[in-house]
Amino acid sequence: MIKQNILKLSAYKVNDFACKVRLDANESPFGFDISPEAIKTIQTNKYPDPEARELRAILSKMWDVAPENILHGNGSDELIYYCITATGGPVLYPTPTFVMYGIIAESLSEATYPIALNKDFDLDIDAIIKTIHEKNPRIIFISSPNNPTGNAFDVEQIHRIIKESKGLVVVDEAYHAFSDKPSFMSHIGSYDNLLVMKTLSKVGFAALRLGFIIGREDIIREINKLRLPYNLNSFSQAIAVDLLSKKQNELNENIQTIIFERNRLIEKLSALGELKIYPSDSNFFLIKPVDMKGAELYGKLLEMGVAVKSFGAAVPALDDCLRVTVGNPDENTFFLECMEKILNTKRTT
Ligand code: PMP
């Protein structure tokens, strides 16, 4: 009854066990209180605003683009689906990267060209350009900063990819708030084939499922034809409108705290000297123990109540790497204490 390509897929896996400190899902450690005023006017018997007009108007000011350039999704995952459905394949993306580009492409029976990152997790630009010329992908996804490696890619190389490609290029800026590299938003008018993807999930709104693509009005209009009616529920719209209009300062402060805490964690962990730590422009970073298997470190952290993300054999390039999401200052201090205990014990045994 089920198509072969679906039978072959693995579902997107999320850890759902209970533990003291969760540093495994790239969420923000800082949430916001919901004001009862914000949701008081919602009528449960009425559909939401299908066009999310108020929300798009606020974002249009924040991002300095017209509302017609913004398309709203129930998380950016939904928009990846729409983009690939709109263009068809082949779909090209560097790997390892966000798994949903591949999962969605395969679920739609589209050909995929995952191009391995080099050993420093930078783009293999020659291999990408060669594949663009040979296979003519109809859509390319570049997550910059990249999940799960944490680094932002060279901006000039991304420009080159956009210029060489005849297909659509989606620059996924899910983690851009934590990076000091320039955004591609200002280039939307200069290219025919560029879309920028944004999400509010990493800055404190993951529960609301708010993702966006920003691009030329004619492309947005075509992709909008695929959008399911009323895809953004009234609660998410109302809460986001209220918080984005009142809490910009708190939002920015939280981002600064996360960047500060990321740098503190990396500095303290580097001093332990038993880990390779990969540079990060995100709210998470990768570590690789020098004298221990990644799975062993993962298990020890879990015994102490800390969940991080391990990749295991499913992603050979990340074998032995663990991805650590930056938590709040107390969670980070607890994580550091656990790491010191584990690595000191290791040194004395
Ligand atoms: N893009 C990247 C690079 C991500 O890491 C994620 C979430 N892990 C998403 C998109 C999806 O975000 P959301 O659906 O929560 O908006």
Side-chain angles (χ1 to χ4, degrees), residues 11-16 22-29 31 52 55-56 59 63 70-84 91-105 107 114 117 121 123 139-153 158 168-179 181 183-185 195-214 223 227-228 231-233 236-237 239-240 244 258 262 278 280-286 307-311 315 318 321 323-326:
Y12 184 79
K13 201 169 156 285
V14 179
N15 290 338
D16 56 1
R22 278 222 102 85
L23 304 177
D24 63 346
N26 295 352
E27 295 151 331
S28 169
L55 178 57
R56 281 167 54 240
L59 293 169
W63 293 332
I70 304 174
L71 184 67
H72 51 292
N74 196 268
S76 37
D77 292 333
E78 186 182 47
L79 296 169
I80 299 169
Y81 221 108
Y82 295 157
C83 288
I84 301 177
V91 184
L92 185 151
Y93 45 86
T95 184
T97 191
F98 183 43
V99 289
M100 289 314 294
Y101 311 142
I103 292 180
I104 292 173
S107 73
L117 295 172
F121 296 142
L123 296 173
I139 186 161
I140 298 176
F141 287 91
I142 306 283
S143 162
S144 185
N146 186 39
N147 175 21
T149 58
N151 54 319
F153 298 126
I158 300 177
L168 210 54
V169 178
V170 182
V171 178
D172 182 349
E173 295 191 346
Y175 301 96
H176 182 263
F178 311 100
S179 162
K181 291 251 170 77
S183 164
F184 273 75
M185 291 283 274
L195 286 180
V196 175
M197 193 154 71
K198 298 266 188 199
T199 177
L200 297 183
S201 294
K202 316 299 169 185
V203 293
F205 297 85
L208 305 183
R209 309 297 296 124
L210 298 166
F212 305 90
I213 43 176
I214 301 96
I223 298 177
R227 188 171 54 80
L228 298 178
N231 61 330
L232 254 197
N233 72 74
S236 293
Q237 292 192 36
I239 295 166
L244 290 175
I258 291 168
R262 175 190 75 204
Y278 292 87
S280 168
D281 301 282
S282 305
N283 65 338
F284 63 88
F285 56 93
L286 276 187
V308 295
K309 172 93 176 164
S310 89
F311 299 92
V315 191
L318 298 181
C321 287
R323 191 190 67 193
V324 183
T325 303
V326 179

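Note that this is a predicted model, so its numbers are computed, not measured. Counting starts at 1 for both ligands and their atoms, following the listed order. FYI, the numbering just counts along the sequence from 1.
Proximity of Asp172 to ligand 1 is established by a heavy-atom distance of less than 4.0 Å. In this structure, Met100 does not count as a contact residue of ligand 1, since none of its heavy atoms falls inside 4.0 Å of the ligand.
Of the heavy atoms in Ser143, only side-chain atoms (C-beta onward) come closer than 4.0 Å to ligand 1.
Protein heavy atom in closest approach to atom 8 (N) of ligand 1: Lys202 NZ, 3.1 Å. The protein atom (non-hydrogen) at minimum distance from atom 12 (O) of ligand 1 is Ser76 OG, 3.2 Å. Regarding atom 6 (C) of ligand 1, its nearest protein heavy-atom neighbour is Phe98 CZ, 3.5 Å.
Each of Asn283, Asp281, Asn26 was evaluated against Tyr175; a single residue qualifies, Asn26, per the side chain to side chain donor-acceptor pair (under 3.5 Å) test.
For Ser282 (side chain) and Phe284 (main-chain N/O), no donor-acceptor pair under 3.5 Å exists by modelled atom type. Between the side chain of Glu173 and the backbone N or O of Val196, no donor-acceptor pair lies under 3.5 Å. A donor-acceptor pair is defined here as one N or O able to donate and one able to accept, closer than 3.5 Å; such a pair exists between the side chain of Ser144 and the backbone of Phe153. Proximity of a side-chain donor or acceptor of Asn146 to a complementary backbone N or O of Pro96 within less than 3.5 Å is detected.
The two residues Val326 and Arg262 make their nearest non-hydrogen contact at CG2-CB, 3.6 Å.
Aromatic ring orientation, Phe212 versus Trp63: perpendicular (interplanar angle above 60°, classes split at 30° and 60°).
Those atoms of ligand 1 that come under 4.0 Å of a heavy atom in Ser201, given as number and element, are 13 (P), 15 (O), 16 (O). Of all the atoms in ligand 1, the ones that sit under 4.0 Å from a non-hydrogen atom of Tyr175 are 3 (C), 4 (C), 5 (O), 8 (N).
When only interatomic distances are considered, the shortest N/O to N/O separation between Asp77 and ligand 1 falls below 3.5 Å.
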